[in-house]
Amino acid sequence: MSSDSIAINVKGLKKSYKGVSVLNDVNFTIESGTIFSLLGSNGAGKTTTIKALTTLIKPDDGDISICGYDVIKQSYKVHEVISLTGQFSAVDETLTGFENLVIIGKLHHLRKPKERANELLSYFDLTHSSNRLVSTYSGGMRRKLDIAMSLINSPTVLFLDEPTTGLDPQSRHNMWDIIRDLKKSGTTIFLTTQYLEEAEQLADNIAILDKGEIIVEGTLNDLKKLLPQEKVEFIFPTEQEFKKAISLLIGYKVIPHSESNRLTVYTCEAINVLTKLFQLFTSHNIDIKDFSRKSPSLEDVFLTLIGEKEALANG
Ligand SMILES: Nc1ncnc2c1ncn2[C@@H]1O[C@H](COP(=O)(O)OP(=O)(O)OP(=O)(O)O)[C@@H](O)[C@H]1O
């Protein structure tokens with residue numbers, strides 16, 4: 001990667017609150033025009049990372065540059081190229097969508113704030129509601145307006161902190177289309193999410209943050225390679241059959257889900273294993289309620305990595 005093609009560079013980022021370490025030596029590089037997704041469970045440090053990158057908090061240590069500008073020494077330059085949509089809506093409910101956008105445009109000293117507001121309302125398919133008070137907007141419409149407001153200054157780098165939290169599936173898919181379009185127009189997107197499927201759908205690169213450290217980073221395929229390629233699942237009608245099946249699976253990588261009498265078996269040869277296990281269960285008179293064959297999801301990678309890390313920590 002040449003330095004021109006790097007949008008965000010983070011080296012040795014550390015942050016503690018009252019002596020409690022939240023970020024501990026976080027490092028990553030994001031190429032221009034790509035979508036980078038930072039994943040992590042509640043409290044992992046995602047928002048703290050975004051705050052440090054967008055100059056909202058001062059790191060204790062480390063170097064961060066955005067489009068080549070140092071976030072501490074050249075924060076005014078950083079403000080010109082970034083925009084942030086946080087977890088909580090920044091829209092003013094007592095104004096219309098149009099008025100919200102015009103105010104933000106004026107704050108950014110745009111020469112033609114009304115034109116830009118109308119352009120964004122049309123882009124986000126909100127023109128029909130532009131003169132309605134935001135208090136009458138649905139959750140999905142507010143989220144769109146929020147993102148429209150953060151695009152008012154045509155940022156080079158857009159930070160989206162959990163952009164689809166609380167949205168219904170339809171609105172979430174609409175938001176994904178918007179994010180894909182922004183990438184096509186050349187915007188670099190830094191996305192935090194708790195929805196693993198969202199990162200799977202959108203991100204060019206994914207990093208998993210756990211207790212202030214990035215435990216893995218790479219493309220979706222890189223992450224999936226950390227597990228065997230496929231998994232097969234069996235569901236049993238009773239707990240008794242489920243337990244009997246587990247006792248037979250010696251030498252297989254198995255994850256039992258006792259709440260649903262379901263067994264997941266990880267393997268590189270799904271069809272062979274499926275056939276073998278069918279024969280094995282049938283020969284032991286174990287009934288099978290359902291079965292399936294699936295590729296591992298990012299959620300599998302996440303749970304396995306966090307699980308392995310905790311197992312190591314617990315000795
Ligand atoms: N100003 C603060 N003072 C003290 N502790 C803080 C402060 N801000 C964040 N923390 C702590 O830092 C940790 C990381 O918080 P952060 O908000 O970055 O996590 P997150 O990954 O974004 O979580 P979530 O998914 O729940 O939003 C948490 O334990 C949180 O309580």
Side-chain angles (χ1 to χ4, degrees), residues 8-30 35-64 66 71-72 75 78 82-91 139-140 142-143 146-147 150 157-169 171-172 175-176 179 188-203 205-218 220 223 297-310 313:
I8 301 179
N9 198 12
V10 177
K11 270 195 211 150
L13 170 60
K14 291 187 183 173
K15 179 71 189 173
S16 301
Y17 288 110
K18 294 185 184 139
V20 179
S21 172
V22 173
L23 299 176
N24 181 23
D25 197 18
V26 170
N27 300 279
F28 55 83
T29 300
I30 304 176
I35 301 180
F36 177 88
S37 178
L38 188 64
L39 290 173
S41 34
N42 288 128
K46 302 181 298 293
T47 302
T48 306
T49 305
I50 283 209
K51 283 184 176 168
L53 267 58
T54 54
T55 78
L56 293 174
I57 56 167
K58 197 164 175 264
D60 298 336
D61 203 356
D63 292 316
I64 306 171
I66 311 273
V71 294
I72 307 286
S75 56
V78 170
I82 66 166
S83 202
L84 163 67
T85 302
Q87 278 182 36
F88 301 101
S89 181
V91 297
R142 277 173 211 221
R143 220 62 190 119
D146 239 341
I147 296 192
S150 63
V157 179
L158 179 64
F159 291 87
L160 296 173
D161 196 4
E162 303 191 13
T164 65
T165 296
L167 295 189
D168 64 39
S171 307
R172 175 165 300 150
M175 192 58 77
W176 289 352
I179 295 171
T188 305
I189 295 162
F190 184 105
L191 171 83
T192 69
T193 181
Q194 291 183 38
Y195 301 112
L196 302 145
E197 192 200 350
E198 187 155 294
E200 237 173 335
Q201 286 286 330
L202 299 174
N205 273 290
I206 297 167
I208 297 181
L209 190 66
D210 182 44
K211 300 193 179 78
E213 280 178 29
I214 289 188
I215 55 169
V216 67
E217 192 199 335
L220 178 62
L223 266 60
S297 69
L298 194 55
E299 185 150 15
D300 297 317
V301 178
F302 187 77
L303 292 174
T304 304
L305 288 171
I306 304 260
E308 278 173 4
K309 208 175 156 231
E310 277 170 5

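Predicted model only: the values in this text are computed from it and were never measured. In listed order, ligands and their atoms are each counted from 1.
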>> A side-chain contact here means heavy atoms from C-beta on lying under 4.5 Å apart; do R143 and T85 qualify?
In response: yes
> Testing D161, T49, T47 for side chain to side chain donor-acceptor pair (under 3.5 Å) with T192, which one passes?
Replying inline: D161
What are the atom names and distances for all N or O pairs under 3.5 Å between ligand 1 and the protein?
{"from": "ligand 1", "atom 1": "18 (O)", "to": "T47", "atom 2": "N", "distance (Å)": "3.4"}
{"from": "ligand 1", "atom 1": "18 (O)", "to": "T48", "atom 2": "N", "distance (Å)": "2.9"}
{"from": "ligand 1", "atom 1": "18 (O)", "to": "T48", "atom 2": "OG1", "distance (Å)": "2.5"}
{"from": "ligand 1", "atom 1": "19 (O)", "to": "G45", "atom 2": "N", "distance (Å)": "3.3"}
{"from": "ligand 1", "atom 1": "21 (O)", "to": "A44", "atom 2": "N", "distance (Å)": "3.1"}
{"from": "ligand 1", "atom 1": "21 (O)", "to": "G45", "atom 2": "N", "distance (Å)": "2.9"}
{"from": "ligand 1", "atom 1": "21 (O)", "to": "K46", "atom 2": "N", "distance (Å)": "2.9"}
{"from": "ligand 1", "atom 1": "21 (O)", "to": "K46", "atom 2": "NZ", "distance (Å)": "3.0"}
{"from": "ligand 1", "atom 1": "22 (O)", "to": "T47", "atom 2": "N", "distance (Å)": "2.8"}
{"from": "ligand 1", "atom 1": "22 (O)", "to": "T47", "atom 2": "OG1", "distance (Å)": "2.7"}
{"from": "ligand 1", "atom 1": "23 (O)", "to": "G43", "atom 2": "N", "distance (Å)": "2.8"}
{"from": "ligand 1", "atom 1": "25 (O)", "to": "N42", "atom 2": "ND2", "distance (Å)": "3.4"}
{"from": "ligand 1", "atom 1": "25 (O)", "to": "K46", "atom 2": "NZ", "distance (Å)": "2.7"}
{"from": "ligand 1", "atom 1": "25 (O)", "to": "E162", "atom 2": "OE2", "distance (Å)": "3.2"}
{"from": "ligand 1", "atom 1": "25 (O)", "to": "Q194", "atom 2": "NE2", "distance (Å)": "3.2"}
{"from": "ligand 1", "atom 1": "26 (O)", "to": "N42", "atom 2": "ND2", "distance (Å)": "2.9"}
{"from": "ligand 1", "atom 1": "27 (O)", "to": "Q87", "atom 2": "NE2", "distance (Å)": "3.1"}

>> Taking side chain to side chain contact (heavy atoms under 4.5 Å, CB included) as the criterion, tell me which of V22, L23, N24 meets it with K14.
In response: N24
> Would you say F28 and L209 make side-chain contact, with heavy atoms under 4.5 Å?
Replying inline: no
> So, do D25 and E213 sit near enough that their side-chain heavy atoms are less than 4.5 Å apart?
Replying inline: no
> Are any of the side-chain heavy atoms of L13 and L53 separated by less than 4.5 Å?
Replying inline: yes
